[in-house]
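Accompanying notes for the structure given below.
Numbers here simply count residues along the sequence, with the first being 1. What's counted below: heavy atoms across the whole structure, side chains too, no hydrogens, waters or symmetry copies.
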Amino acid sequence: MFERENNEVNNAITILQNIDLDTIASIFRFAVIYYASRKVTQGVALQIEYHFPKCKKIKMPPELVLESGDFQVDDKIKEEDKAHILNFINTVCSNFSDDCLILLCNNLKSLKLKDTYHQKHIFNPDVTGAYNLKKNAIIIRDCSLYNPIYHELFHLSSSIIQDKTTFSGFSQDAFGKGLNEGYTQLLTERYFAKESVIDSSYPIQKRIVQVLEIIVGKDEMEQLYMQANLKGLVDFLSKYATEKEILSFISNVDFTMQYLPNHKFLLFKKYLLRKAFSSISDFLIKIFIKYFASLAIDSNVDEEELHYKFMLFLSLLSISINISGEEYVLLNEDTYYNILHSILDNNFKTNKIK
């Protein structure tokens, strides 16, 4: 028995060592540059301290109970918007299991939808839609580039309030908003690319959740999101990291979403953003390598699948972000090598994936 396990571990090490890391490293030399903000307006800015969201204890989501078996749309909603809603219902019903549709069914019947095209002062110019769970209302601003209603309908389909706590996709209250918006946009582009032109909403957060989806699995990740189960996501990732590390990671993703578009922060404390990206990168590399190593010792996973997942991981994170002349790197080549060798040294030598 021990000899067989030793052989499996040796085979896993051989697979990892045979990957052409020098060729993979070339990806970094052709990293995509994403310009996340325009040049900061010259002048004096106030220094503002940013307080990272507190890593509170994640609650179990409420038990979901179907209130009605019918998808009801308010007759007061105008026909054009109703057509989009019906298209959304038909699409998710074709792609998600019934237990993923409970919140959509429960929230839809009392949904209010407001078009504020002629009231642009309500929105930041970059914001085209919003979902208010307390009022169960979607507010959209007409946009010639894409229709924001599908993104907001995914929020409606994954949100519930219980005991004054808002559970929404991969967020609880304000905590986890970065992951939640990134995955909401990923689902919008995945299922409504034709109806809603793919835009650049939450590009960094979207790549981060795509890496998590490789590890968790598409079906499992989608189910956790649609059932507002951040706790389930944290529990799954606990196979590869401590709860403290996971909560810190989520907090850092929240920070990037709040910091990136806020120009007045950029003249001060740039190291905070750099530190956040570095921590996110370290976390994703660490959990992916541990996940990859566990696959490598599974005799049911072939080399072709391993190679595909590895290259997909690198392609998602091989991106640098240029913000007002400052470059931030998501996947640092040296960090990647250091973590890879550390995990191989510490885990494979003891025949364990810790």
Side-chain angles (χ1 to χ4, degrees), residues 50-62 158-159 165-187 202 204-260 272-295 309 312-313 316-317 330-332 335-336 338-340 342-343 346-347 352-354:
Y50 180 84
H51 298 286
F52 283 76
K54 292 182 179 180
C55 298
K56 62 180 183 180
K57 186 174 179 62
I58 303 299
K59 297 179 181 179
M60 287 290 295
S158 58
S159 298
T165 298
T166 298
F167 299 84
S168 182
F170 291 134
S171 66
Q172 287 186 14
D173 293 332
F175 188 72
K177 188 176 180 180
L179 291 184
N180 193 43
E181 290 295 350
Y183 202 68
T184 301
Q185 185 59 27
L186 176 62
L187 292 180
Y202 312 108
I204 307 305
Q205 294 78 20
K206 186 173 64 179
R207 283 177 176 259
I208 290 169
V209 295
Q210 282 178 283
V211 172
L212 295 183
E213 192 180 67
I214 296 174
I215 297 170
V216 177
K218 172 179 169 293
D219 292 343
E220 179 74 12
M221 189 91 164
E222 288 183 344
Q223 181 172 352
L224 291 171
Y225 170 87
M226 295 293 277
Q227 295 179 341
N229 194 353
L230 175 61
K231 180 68 165 60
L233 178 63
V234 171
D235 289 346
F236 191 100
L237 296 178
S238 295
K239 299 177 183 178
Y240 311 105
T242 66
E243 183 176 351
K244 182 178 179 180
E245 290 171 330
I246 296 167
L247 297 183
S248 178
F249 158 72
I250 295 173
S251 180
N252 279 317
V253 178
D254 286 348
F255 175 63
T256 64
M257 196 181 79
Q258 181 164 338
Y259 202 136
L260 281 172
L272 284 178
L273 189 54
R274 197 176 298 280
K275 182 179 178 181
F277 277 123
S278 177
S279 296
I280 290 169
S281 173
D282 288 356
F283 178 84
L284 291 176
I285 295 170
K286 176 181 176 180
I287 65 169
F288 179 81
I289 293 298
K290 288 188 174 185
Y291 161 75
F292 187 84
S294 68
L295 285 184
K309 288 179 179 290
L312 178 59
F313 166 75
L316 288 171
L317 288 192
L330 269 177
L331 185 53
N332 180 280
T335 301
Y336 160 72
N338 290 338
I339 292 179
L340 172 61
S342 173
I343 291 173
N346 293 334
N347 295 317
K352 293 180 180 180
I353 305 298
K354 294 183 179 178

Report the distance from atom [atom1] of [X] to atom [atom2] of [Y], rounding to the nearest 0.5 Å.
X      : Y      : atom1 : atom2 : answer
Phe170 : Asn229 : CZ    : CG    : 8.0 Å
Glu181 : Met257 : CD    : CE    : 5.5 Å
Lys290 : Leu295 : NZ    : CG    : 15.0 Å
Lys57  : Leu247 : NZ    : CG    : 9.0 Å
Ser251 : Ile246 : OG    : CD1   : 13.5 Å
Met221 : Ile215 : CE    : CD1   : 9.0 Å

Heavy atoms only: give me the nearest [X]-[Y] pair and the separation to one decimal.
X      : Y      : value
Lys231 : Lys59  : CB-O, 3.4 Å
Ser158 : Ala228 : O-CB, 3.4 Å
Leu317 : Arg207 : N-NH1, 4.4 Å
Gln227 : Pro61  : O-CB, 4.0 Å

For the pair [X] (side chain) and [Y] (backbone), establish whether a donor and an acceptor sit closer than 3.5 Å, ignoring hydrogens and angles.
X      : Y      : value
Ser238 : Val234 : yes
Thr242 : Glu245 : yes
Asp254 : Gly176 : yes
Ser279 : Lys275 : yes

### Task
Please test Ser168 against Asn180 for side chain to side chain contact (heavy atoms under 4.5 Å, CB included), starting from the C-alpha separation and ending with a verdict.
CA-CA 8 Å; Ser168 182; Asn180 193 43; 3.6 Å; yes
### Task
Begin from the C-alpha positions of Ile204 and Phe277 and carry the test side chain to side chain contact (heavy atoms under 4.5 Å, CB included) through to its verdict.
CA-CA 10 Å; Ile204 307 305; Phe277 277 123; 3.8 Å; yes
Taking the side chain as every heavy atom from C-beta outward, state whether [X] and [Y] have any atom pair closer than 4.5 Å.
X      : Y      : answer
Asp282 : Lys286 : no
Phe175 : Ile58  : yes
Leu237 : Val216 : yes
Leu212 : Leu179 : yes
Tyr183 : Glu213 : yes
Leu316 : Ile214 : yes
Phe255 : Leu273 : yes

### Query
Is the Tyr240 ring parallel, tilted or perpendicular to the Tyr291 ring (thresholds 30°, 60°)?
perpendicular
### Task
Look at the rings of Phe288 and Phe313 and say which category their plane angle falls in: under 30° parallel, 30 to 60° tilted, over 60° perpendicular.
parallel
### Task
Test Leu230 against Ile250 for side chain to side chain contact (heavy atoms under 4.5 Å, CB included), laying out the working first.
CA-CA 10 Å; Leu230 175 61; Ile250 295 173; 4.2 Å; yes
### Test log, rule side chain to side chain contact (heavy atoms under 4.5 Å, CB included), inputs Asn252 and Phe249
CA-CA 5 Å; Asn252 279 317; Phe249 158 72; 5.6 Å; no
### Query
In terms of side-chain heavy atoms, does Gln205 have a donor or acceptor partner in Thr256 at a distance below 3.5 Å?
yes
